[in-house]
Amino acid sequence: MAAAQFEVPKLSDTAYTTVPKIQEGSMAHVKTFPAVKASQEFLGYPFELADDWKERVIERMGQSLKKYRSLRVFMDACVHCGACTDKCHYFLGTADPKNMPVARQDLMRKIYRRYFTLPGKIAPWLVGAEDLTKDTLNDWFTYYHQCSECRRCSVYCPYGIDTAEITMAGREILNYAGMGQKYSSEILNKVQKIGNNLGLPGPALEDTLLGLEEDIEADTGVAVKMPLNVKGAEILLITPSADFFSEPHVESLIGYAKVFHAAGASWTLSSHASEAGNFGLFNGNYETMRTVAMRIRDAALELGVKRIIVGECGHAWRVAYAFWNTLTGIGYGGNDPFSIELQSKLDSRYKQPMHICEYTWDLIQQGVLKFDKSLNDHRTVTFHDSCNVARGSRMGDEPGGQFTIPRNIIRAVVNNYQDMAAETIGEGTFCCGGGGGVLTDDLIEARVKGALPRMNAYNAVAQENGVNFLALICAICKAQFTKVVPYYGFDMSQVGGVHQLVSTAIKLEQD
Amino acid sequence: MPMVEVAGKEFEVDEEGYLVNLADWDENIAGYLAQEEKVELTENHWEVVNFLREYYGEYQIAPAIRVLTKAIAKKLGADKGNNKYLYELFPYGPAKQACKIAGLPKPTGCI
Amino acid sequence: MSALTVFYIGLYYVAAIILIGGLAYRVYEYASTPAPLNIPTTPAPITKLGVRFRMFREIAFFESLFKSNKWIWVFGYLFHVGLALVLLRHIRYFQEPVWFWVELIQPFGMYASLAMIAGLAGLWARRFLVDRVRYISTPSDHLILVLLIAIGLSGMTMTFVAHTDIIALKTFALGLVTFDWHPLPSDGPLLVHLFLVALLMIIFPISKLLHVPGVFFSPTRNQVDNPRERRHLAPWAAALDKDNG
């Protein structure tokens with residue numbers, strides 16, 4: 001298990017990744033584990049194909065085409081121009097042509113054409129339409145789990161076709177037919193039954209937080225608190241459960257706590273909503289995503305908070321920023337009883353929800369936080385734009401604030417900062433290789449190979465500028481890079497959070 | 001799911017070799033699981049494994065990495081109470097590899 | 001009137017009905033399918049005006065394609081701009097008197113046909129030369145290029161090689177739109193040209209040519225980035241709130 005059973009790609013001499021010649025079937029063997037019966041049943045899906053699997057696939061596809069304009073338009077609009085073919089990190093790292101965005105889409109498009117369009121019904125050979133078979137579903141299962149739904153292809157498509165939307169629809173259809181993914185399915189069970197993706201029960205969370213409070217006090221001499229389930233607190237912090245559990249995630253949690261402490265804020269965590277992540281997004285099921293998001297609404301109403309702030313988690317921020325208002329009413333502008341019930345209680349002077357980086361940057365601008373940047377002098381930092389933050393959300397008031405605000409924070413707390421190559425950051429950022437439900441050991445080959453474009457860009461600044469710290473604002477990115485950078489010859493301690501850097505440099509006043 | 005037999009006792013493991021039923025675990029099975037992971041169990045490994053089982057018994061979850069390092073620091077000395085030492089013991093990651101040997105379910109999430 | 005003329009008159013009415021009716025149906029389909037979530041590819045405009053500007057850049061300059069691949073952009077842009085000019089040039093067949101600006105672009109339209117063919121040739125060459133594009137190409141991808149090239153070449157034959165009877169052709173074309181039918185000149189290149197154009201009109205609403213209406217309905221391009229300020233709610237999603245509100 002520890003040794004790689006595959007060849008790790010070689011780093012290139014530049015920041016850029018050469019586009020490989022296609023190698024058909026090179027990743028066909030990389031399959032994620034199928035979900036188990038109990039967890040699929042809890043989500044309302046069969047766990048294996050039944051006799052009517054074909055009808056179920058076509059039925060669900062027809063429903064999705066009616067429910068989602070994205071899918072409807074994207075199935076028709078592609079002209080096979082090839083603009084996206086060299087944009088996916090999994091293709092660049094694996095050379096498997098089915099990892100080209102258009103080919104990944106075509107896995108579904110050929111079924112769409114066969115069963116839902118006139119030319120595909122009368123002349124399938126002409127338009128690349130194909131009959132639905134079990135092989136089709138196996139291909140879907142393989143390649144819709146080698147997509148991290150990072151949306152990089154959507155930036156470069158002349159029609160804005162977003163493969164993530166098709167992957168999501170594909171996974172939803174697979175689930176409905178009886179082919180779920182073990183990893184996402186388990187997590188969606190735990191978050192609904194226990195309150196977070198890890199399955200960390202309330203008492204364990206409480207114990208962990210107490211331990212962290214001791215650590216911080218031992219470290220700084222200041223009694224920084226990590227309050228849990230405090231009714232009447234002003235701010236509810238929703239953060240990925242990995243922040244409680246793992247390195248380097250926990251360093252950022254300590255960073256948030258120090259920022260709240262320095263600002264004198266009244267804040268709390270919730271054991272009921274002890275998870276920012278929402279794998280309902282990855283599965284492409286609106287109802288599941290809504291149910292998972294609803295815990296945050298419930299916790300906000302229960303605790304009577306006035307503000308909701310989200311910790312460092314990429315896809316969670318996309319769901320929070322772009323979907324929470326729709327799903328749960330967390331936001332503004334609702335004119336229905338459901339959303340007014342919550343929105344009337346929120347403090348309208350602030351953005352709802354707010355990203356922890358927006359919060360920290362506001363405080364820095366107000367001069368509330370003080371730093372000793374030299375404490376970060378052992379680090380030369382670069383920042384990796386997480387895909388869901390970069391291409392699915394925003395921070396601040398201006399488009400692109402999601403790029404400037406985290407960098408502004410970093411520059412305020414470290415002396416040595418260097419961006420990676422321009423084409424590999426910002427809206428063109430490469431996914432870490434572990435997003436979208438791919439962050440599981442059974443997909444380690446896809447994860448390592450998919451990280452290649454980012455690793456090339458990182459290697460270039462590491463070699464030329466002495467960069468030794470990859471700053472992140474995503475729990476998946478942190479876990480993925482911690483596991484994957486050693487394959488490329490870097491130490492895992494080079495991976496960490498933006499608020500880890502804040503935590504290192506922040507000056508706390510003795511009580 | 002595959003069945004494995006160790007020292008006359010049969011037990012079930014999942015695709016990745018994690019013990020399916022927590023109650024099946026015994027020291028022989030731990031030895032087998034460690035062998036599968038190419039980890040040679042020393043006394044220090046056992047300290048970690050035993051702590052994981054104790055903690056799991058109380059909280060139904062493996063301890064967070066900070067909780068684990070602190071506990072190990074208390075038992076084995078401050079110089080060993082860190083992530084790096086745990087990775088030396090369990091190269092594939094203390095959370096996953098040590099849990100496996102301790103017969104606990106694999107912790108999954110964004111970790 | 002000859003059987004040939006009758007055939008072409010019939011063909012063009014059928015083609016026009018399929019094109020207009022088919023596209024109208026597609027637009028209705030796209031417009032009536034809800035977009036339940038706010039999914040613009042960010043950074044995205046935060047106002048409606050901004051979205052219009054983004055869409056304009058996409059339509060007028062192929063902005064995303066330009067970011068993506070300069071070769072496809074050059075060939076695609078040559079083809080589309082060439083085609084647009086050529087189409088505008090053809091307006092003169094359907095009006096009397098002819099608008100001033102349509103007169104003005106006549107010579108440009110001639111060169112535009114060259115640009116159009118060059119662009120199409122480039123796009124077609126990529127389907128053979130680039131292994132990734134070869135892999136994704138279906139027979140219909142090739143055939144549509146063949147069709148467009150054949151339309152262009154047959155048209156250019158009449159412009160540059162063997163002129164057809166323009167007066168008679170214009171009488172025929174005007175007759176089509178005023179329902180006052182006249183005979184069609186029976187030159188080979190013209191008949192081929194007109195037949196292929198009608199074919200293109202017919203396949204438009206059932207082929208990848210749907211990228212034309214599709215781009216306007218693409219949620220990643222046409223949505224405003226304002227989800228914290230405005231609650232986006234599809235009708236089927238709003239029903240869920242009532243169940244558990």
Side-chain angles (χ1 to χ4, degrees), chain A residues 21-22 66-70 72-73 76-83 85-87 97 100 102-103 106 117-119 125-128 151 154-162 165 286-287 290 321-323 325-326 329 331-334 336-339 351-352 391-394 399-400 402 427, chain C residues 26 29-30 33-39 41-46 50 58 62 64-65 67-69 72 76 123 126 130-133 135-141 143 203 206-208 210-211 214-215 217-221 225 227-234 236-238 240-242 244-245:
Chain A
K21 288 279 167 215
I22 62 173
K66 286 200 170 64
K67 280 167 88 173
Y68 294 96
R69 184 184 293 165
S70 51
R72 185 75 195 73
V73 171
D76 280 342
C78 177
V79 300
H80 285 174
C81 72
T85 54
D86 57 352
K87 301 299 183 276
M100 300 188 297
V102 51
D106 278 353
T117 73
L118 186 66
W125 54 273
L126 183 67
V127 293
R151 312 186 91 205
S154 86
V155 171
Y156 298 101
C157 173
Y159 319 111
I161 297 174
D162 178 6
E165 292 289 309
Y286 186 99
E287 285 81 0
R290 183 174 182 277
Y321 171 85
F323 305 156
N325 199 354
T326 297
Y332 294 113
D336 51 297
F338 174 79
S339 46
K351 292 185 166 62
Q352 309 283 1
R391 293 183 283 259
S393 78
R394 174 162 54 100
Q402 68 270 38
E427 69 172 358
Chain C
R26 289 294 182 209
E29 251 186 347
Y30 296 161
T33 307
L37 293 165
N38 190 238
I39 59 164
T41 304
T42 58
I46 54 178
E58 208 59 84
F62 303 179
S64 298
L65 188 59
K67 280 183 208 166
S68 174
N69 185 309
I72 306 179
L123 291 172
R126 286 184 57 83
V130 181
D131 65 339
R132 304 186 307 279
V133 186
Y135 178 86
I136 57 171
S137 296
T138 61
S140 59
D141 293 327
L143 287 174
I203 64 166
I206 52 165
S207 70
K208 67 178 187 179
L210 286 171
H211 69 279
V215 65
F217 288 94
S218 180
T220 61
R221 293 290 180 272
D225 175 24
R228 283 193 286 198
E229 294 78 35
R230 220 202 105 212
R231 190 160 190 245
H232 293 253
L233 209 54
W236 64 261
L240 299 171
D241 287 355
K242 299 218 168 59
N244 106 345

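Atoms considered below: every heavy atom in the structure, side chains included; atoms not considered: hydrogens, waters and symmetry mates. This is a predicted model, so every value here is computed, not measured. Reminder, nothing fancy here: chain letters follow the sequence lines and each chain counts from 1.
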**Request:** Name the region of A:Asp336, side chain, backbone, both or neither, that has any atom closer than 4.5 Å to a heavy atom of chain C.
**Result:**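 Interface part for A:Asp336: side chain.
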**Prompt:** If you tally heavy-atom pairs under 4.5 Å against chain A, which of C:Ile203, C:Leu210, C:Val130, C:Asn69 wins?
**Reply:**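 Option with the greatest count: C:Leu210.
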**Asked** With respect to chain C, which residue among A:Gly160, A:Gly331, A:Ser339 yields the maximal number of heavy-atom pairs within a distance under 4.5 Å?
**Response**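 Ranked by heavy-atom pairs under 4.5 Å with chain C, first place is A:Gly160.
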**Asked** Checking C:Asp141 side chain against C:Thr138 main chain: does a donor-acceptor pair fall under 3.5 Å?
**Response**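 Yes, because the side chain of C:Asp141 sits within donor-acceptor range (under 3.5 Å) of the backbone of C:Thr138.
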**Item:** Counterpart residues, salt bridge (Lys or Arg N to Asp or Glu O under 4.0 Å), relative to C:Glu58 (two or more places apart)
**Value:**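 With sequence neighbours excluded, C:Glu58 shows a salt bridge (Lys or Arg N to Asp or Glu O under 4.0 Å) to C:Arg221, given in chain and number order.
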**Message:** Heavy-atom pairs under 4.5 Å with chain C - which of A:Glu427, A:Lys351, A:Arg151 has more of them than the others?
**Reply:**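 Looking at each of A:Glu427, A:Lys351, A:Arg151 in turn, A:Arg151 comes out on top.
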**Asked** Do any N or O atoms from the side chain of C:Arg231 and from the backbone of A:Asn325 form a donor-acceptor pair under 3.5 angstrom?
**Response**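 At least one qualifying donor-acceptor pair exists.
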**Request:** Measure A:Cys78 against the heavy atoms of chain C and call it side chain, backbone, both or neither at under 4.5 Å.
**Result:**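 Backbone of A:Cys78 only, per the 4.5 Å heavy-atom cut-off to chain C.
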**Request:** Just give me the residue among C:Ser140, C:Ala238, C:Ser207 that pairs up with chain A most often, heavy atom to heavy atom, under 4.5 Å.
**Result:**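 Option with the greatest count: C:Ser140.
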**Asked** For A:Ser393, does its backbone N or O pair with a side-chain atom of C:Asp225 as donor and acceptor, under 3.5 Å?
**Response**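 Not confirmed, C:Asp225 side chain does not pair with A:Ser393 backbone.
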**Asked** Checking heavy atoms, do the side chain of C:Ile72, its backbone, both or neither come under 4.5 Å from chain A?
**Response**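 For C:Ile72, side-chain heavy atoms alone lie under 4.5 Å from chain A.
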**Message:** Report which part of C:Tyr30 has an atom under 4.5 Å of a heavy atom belonging to chain A: side chain, backbone, both, or neither.
**Reply:**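 It is both, since atoms from each part get that close.
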**Request:** Using non-hydrogen atoms and a 4.5 Å limit, figure out which bit of A:Lys21 sits close to chain C: side chain, backbone, both or neither.
**Result:**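 A:Lys21 touches chain C through backbone and side-chain heavy atoms alike.
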**Asked** At a heavy-atom separation under 4.5 Å, does A:Pro337 approach chain C through its side chain, its backbone, both, or neither?
**Response**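 Contact with chain C is absent: no heavy atom of A:Pro337 under 4.5 Å.
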**Request:** Taking A:Thr326 for its side chain and C:Leu37 for its backbone only, find out whether a donor-acceptor pair lies under 3.5 Å.
**Result:**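 No; zero donor-acceptor contacts below 3.5 Å.
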**Asked** Given the options C:Leu233, C:Ile136, C:Val133, C:Thr220, which has more heavy-atom pairs under 4.5 Å with chain A than any of the others?
**Response**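 It is C:Ile136.
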**Asked** Just by distance, with hydrogens left out, do C:Arg132 and A:Thr85 show a side-chain donor and acceptor under 3.5 Å apart?
**Response**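 Yes, A:Thr85 and C:Arg132 have a side-chain donor paired with an acceptor closer than 3.5 Å.
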**Request:** Tell me, please, which residues at least two apart from C:Arg26 pass salt bridge (Lys or Arg N to Asp or Glu O under 4.0 Å).
**Result:**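 With sequence neighbours excluded, C:Arg26 shows a salt bridge (Lys or Arg N to Asp or Glu O under 4.0 Å) to C:Glu29, given in chain and number order.
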**Pairing of A:Glu287 and A:Lys67 as salt bridge, 4.0 angstrom limit** =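 The answer is yes: the pair qualifies as a salt bridge.
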**Residue C:Leu143 versus chain A: region with a heavy atom under 4.5 Å** =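 The side chain, not the backbone.
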**Asked** Non-hydrogen atoms of chain C under 4.5 Å away: do they reach the side chain of A:Tyr68, the backbone, both or neither?
**Response**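 Both parts, heavy atoms under 4.5 Å.
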**Message:** Quick one: does any side-chain atom of C:Ser218 pair with a main-chain N or O of C:Val215 as donor and acceptor, under 3.5 Å?
**Reply:**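 A pair under 3.5 Å: no.
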**Asked** Side chain, backbone, both or neither: which part of C:Ala234 has a heavy atom under 4.5 Å from chain A?
**Response**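 Neither part.
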